[in-house]
2 protein chains.
Amino acid sequence: MGVFSKTCEYALRAVFFIAHRTAEGGKVGIKEVADGIASPEYFLAKILQDLSRKGIIQSAKGPHGGFFIDDKSRKNSLSEVVKAVDGNGLFTGCGLGLEYCSEVNPCPLHNQFKDIRNQIYLMLKNTSIEQFNEDLSLGITALKK
Amino acid sequence: MGVFSKTCEYALRAVFFIAHRTAEGGKVGIKEVADGIASPEYFLAKILQDLSRKGIIQSAKGPHGGFFIDDKSRKNSLSEVVKAVDGNGLFTGCGLGLEYCSEVNPCPLHNQFKDIRNQIYLMLKNTSIEQFNEDLSLGITALKK
DNA sequence: ATATATTAATACCTTTTTATCCTTTTTATA
DNA sequence: TATAAAAAGGATAAAAAGGTATTAATATAT
């Protein structure tokens, strides 16, 4: 098990792919995205529908339709994507799964875990969707396998 | 979804509870543990069996039997518990779920995520099972709900 | 107008995780 | 030695996550 759900992993990879692929305008079809990030096509379709409904990405139907990310959306931080898919339990929840864990009623790991949570949040908050476009163009980073 | 699986959350809470409860010797039964950490009894039983098989905790059958943690085991770090339950994917895996992600073939998030992973690992590595016994005795920290 | 390419919606299937129940084995002690 | 107490183990079920297939809706080129 990783930090993110499989759904969220696909979502992040897809968002990077679409942002990169449509940086100069245009749209990209679901098949191409699925292939580009090595994800199951139909499953990804559901994820992208959801992201589109939530305004994380955009889509257009019909011929020459496809998915894309507009100028405003591509400035979004990854925390928005993660929140849309996995909720913000990762940023706020107790490490030991205790419902009422808080500053006044902490679990043993509360303080240590608070730092971790915060670190994860800051990392995602300070990273934008578009910021890897160049690396992807240069082939410095990979999105499949 | 949290950082750990539900199974792992129960395991960590149980390990804290048992260590605290048997710090002065003696054993504690499954019912008491389940009640003490607000977990489903039979599900927890499976988890504890597994932890016992893997040497993270100890158990004794028969009258006056139960679970306990010996002196050596209570010095174990939490990373051992997590590794036993969730494997070490959390410490080594790619944030985007890419199989071949590495220093030479990184995903976009590789460097940022490496730090997070490491932070999680160090936190767990540097925290022992027994180190919360006192807080638990004083009622400073909680293990249920 | 119509055919076509495309996403949207929906329904369904499979696997994994979480949870429960029941039986068996072990063991202390009366 | 019988009994009771406790964990161990097996079988099953429910829920959630992950994945597939099909149909509907729709924009656009012709």
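A note on names: the letters A, B, ... follow the listed sequences, proteins ahead of strands, and every chain is numbered from 1.
Here the side chain of B/F67 is nearest to one of C/dT18, D/dG18, D/dA8, namely D/dA8. Minimum atom distance to the side chain of B/T7 is reached by C/dT18, of the listed C/dT18, C/dA9, D/dT20.
A donor and an acceptor atom, one from each side chain of A/S137 and A/H20, are located under 3.5 Å apart. Side-chain N/O atoms of B/D86 and B/S5 include a donor and acceptor closer than 3.5 Å. Between the side chains of A/Q58 and A/S73, at least one donor N or O sits under 3.5 Å from an acceptor N or O.
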Mark up nucleotides 22-30 of chain D, 5' to 3', with B wherever a protein heavy atom is under 4.0 angstrom from a base atom, S wherever such an atom reaches only the sugar-phosphate, and - elsewhere.
-> B---BBBS-

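Going from atom CD of B/E41 over to atom P of C/dC21 covers 10 Å, rounded to whole Å. Here C/dT18 presents its P atom at 14 Å from CD1 of B/I37, a figure rounded to the nearest Å. Rounded to a whole Å, the NZ atom of A/K31 is 14 Å from the P atom of D/dT20. Rounded to whole Å, atom C1' of D/dA6 lies 13 Å from atom CZ of B/F68. In this entry the distance linking CG of A/D86 with P of D/dG18 reads 8 Å, nearest Å. For B/Q58 and D/dA6, the CD to C1' distance is 17 Å, given to the nearest whole Å. Taking atom CG of B/L44 as the reference point, atom C1' of C/dA19 lies 12 Å away to the nearest angstrom. Separating the CG atom of A/L48 from the C1' atom of C/dT6 is a distance of 13 Å, rounded to the nearest angstrom.
A donor-acceptor contact under 3.5 Å is formed by the side chain of B/K46 with the base of D/dG10.
Annotation: ring pair (Phe, Tyr, Trp, His ring centres under 6.0 Å) contacts of B/F16 (sequence neighbours excluded): B/F132. Remark: A/F68 pairs with no residue by the ring pair (Phe, Tyr, Trp, His ring centres under 6.0 Å) rule, at least two apart or across chains.
At the phosphate of D/dA8, OP1 or OP2 sits under 4.0 Å from a side-chain N or O atom of B/S52.
Residue contacts for A/Y10: at a heavy-atom cut-off of 4.0 Å it reaches the sugar-phosphate backbone alone, with no base atom in range. No contact: B/A45 has no heavy atom under 4.0 Å from any strand. When heavy atoms are screened at a 4.0 angstrom cut-off, B/I30 is found touching the sugar-phosphate backbone but no base atom.
Contact annotation: the side chain of B/L51 approaches that of B/V85 to within less than 4.5 Å [non-hydrogen atoms, C-beta and beyond]. Side-chain atoms of B/C107 and B/C94, non-hydrogen and from C-beta on, do get closer than 4.5 Å to each other.
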